[in-house]
Amino acid sequence: MAYWLMKSEPSVYSIEDLERAGTDAWDGVRNYQARNYLRAMRRGDRAFFYHSNCPEPAVTGIMEIVREAYPDPTALDPASPYHDPRSTPDRPRWSAVDVRFVERLPHPVPLAAIKADPALAELPLVRRGNRLSVMPVTAAQWRRILELAGA
DNA sequence: GCCAACGTTGGC
DNA sequence: GCCAACGTTGGC
């Protein structure tokens with residue numbers, strides 16, 4: 001089983017939204033490296049839900065991958081803001097996965113705490129201009145973030 | 001709202 | 001294939 005971290009702006013889609021939905025599609029990813037990570041996900045993998053672009057960016061919860069990569073329907077839908085005319089049913093360019101809400105962290109782990117922790121220095125979130133919206137997390141990093149969350 | 005760091009686009 | 005211009009991300 002692998003571990004991941006996925007970003008979402010809470011004003012667009014928050015951990016609370018996922019909790020209400022139970023299971024939902026993780027779609028709208030329009031970056032090739034992030035897409036390739038989506039395609040590498042397997043059923044049963046776990047992912048952190050990260051709130052970005054908000055007053056306190058933080059890891060806020062945990063989800064489980066329940067459906068492996070399939071063509072992102074929003075890319076094929078002309079009415080969607082994520083529509084990409086270069087993506088066709090024959091040759092879908094973008095992928096989505098389905099995720100299931102697992103839990104909210106007892107204490108969300110703020111970006112500042114992640115940056116301050118030497119054990120998390122290699123996490124892509126705090127490297128390389130941190131633009132990637134889907135990224136792998138090692139087992140050690142996963143455990144460390146859970147520790148910081150008081151879990 | 002600002003701006004740095006990226007990724008993408010498109011002219012050549 | 002280069003690279004400047006442009007758009008986006010996302011912290012602050």
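Since the model is a prediction, treat every value here as computed from it, not as a measurement. Any value given below was found using the heavy atoms of this structure, including those in side chains, with hydrogens, waters and symmetry copies removed. Chain identifiers are assigned alphabetically (A, B, ...) following the order of the sequence lines, protein sequences preceding nucleic acid strands; residue numbering begins at 1 within each chain.
Among residues two or more places apart in sequence or in another chain, the salt bridge (charged side-chain N to carboxylate O under 4.0 Å, His left out) test is passed with A:Arg144 by A:Asp117, A:Glu147. Taking the salt bridge (charged side-chain N to carboxylate O under 4.0 Å, His left out) definition, one finds that A:Arg46 meets it with nothing, sequence neighbours left out. When the salt bridge (charged side-chain N to carboxylate O under 4.0 Å, His left out) test is applied to A:Arg104, the partners found at least two apart in sequence or on another chain are A:Glu16, A:Glu19. Take A:Arg20 and apply the salt bridge (charged side-chain N to carboxylate O under 4.0 Å, His left out) test, not counting sequence neighbours, and it matches A:Asp17.
Residue A:Leu132 contributes atom CG, which lies 9 Å from atom P of B:dG7 at whole-angstrom precision. Atom CG in A:Asp84 sits roughly 12 Å away from atom P in B:dT8 (whole-Å rounding). Atom OH in A:Tyr32 sits roughly 9 Å away from atom C1' in B:dT8 (whole-Å rounding). Rounded to whole Å, atom C1' of B:dT8 lies 10 Å from atom CG of A:Asn31. Protein atom CE of A:Met135 is 12 Å distant from nucleotide atom C1' of C:dT9, rounded to whole Å. Residue A:Glu9 contributes atom CD, which lies 8 Å from atom C1' of C:dT9 at whole-angstrom precision.
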Identify each donor-acceptor pair in which a side-chain atom of residues 69-80 of chain A lies under 3.5 Å from a protein atom, sequence neighbours left out, and give them as a table.
from: A:Tyr70; atom 1: OH; to: A:Asp98; atom 2: OD1; distance (Å): 2.5
from: A:Asp72; atom 1: OD1; to: A:Thr74; atom 2: N; distance (Å): 2.8
from: A:Asp72; atom 1: OD1; to: A:Thr74; atom 2: OG1; distance (Å): 2.7
from: A:Asp72; atom 1: OD2; to: A:Gly28; atom 2: N; distance (Å): 2.8
from: A:Asp72; atom 1: OD2; to: A:Arg30; atom 2: NH1; distance (Å): 2.9
from: A:Asp72; atom 1: OD2; to: A:Arg30; atom 2: NH2; distance (Å): 3.4
from: A:Asp72; atom 1: OD2; to: A:Thr74; atom 2: OG1; distance (Å): 3.3
from: A:Thr74; atom 1: OG1; to: A:Arg30; atom 2: NH2; distance (Å): 3.0
from: A:Asp77; atom 1: OD1; to: A:Ala79; atom 2: N; distance (Å): 2.8
from: A:Ser80; atom 1: OG; to: A:Tyr82; atom 2: N; distance (Å): 2.9

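Look at A:Arg86 and you'll find a side-chain N or O under 4.0 angstrom from OP1 or OP2 of B:dT9. When the side-chain nitrogen and oxygen atoms of A:Lys7 are compared with OP1 and OP2 of C:dG10, one or more of them lie within a distance under 4.0 Å.
The list of ring pair (Phe, Tyr, Trp, His ring centres under 6.0 Å) pairs with a residue in residues 25-68 of chain A, not counting sequence neighbours, reads A:Trp4-A:Tyr37, A:Trp26-A:Phe49, A:Tyr32-A:Trp94, A:Phe48-A:Trp142, A:Phe49-A:His51. Contacts classified as ring pair (Phe, Tyr, Trp, His ring centres under 6.0 Å) and involving residues 101-122 of chain A (residues at least two apart or in different chains) are not found.
With hydrogens and angles ignored, the 3.5 Å screen pairs a side-chain donor or acceptor of A:Arg43 with a backbone N or O of A:Val66.
A:Arg35 comes within contact range of no nucleotide atom at all, as no heavy-atom separation falls under 4.0 Å.
For the pair A:Lys7 and A:Asn53, the minimum side-chain heavy-atom distance is 4.5 Å or more.
Distances were taken from every side-chain heavy atom of A:Arg131 (C-beta onward) to each of B:dT9, C:dG11, C:dT9; the shortest belongs to C:dT9.
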Please produce a list of atom pairs where a protein N or O lies less than 3.5 Å from an N or O of nucleotides 3-6 of chain C.
none

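A heavy atom closer than 4.0 Å to some atom of DNA chain C occurs in A:Leu111, A:Lys115, these being the qualifying members of residues 110-120 of chain A.
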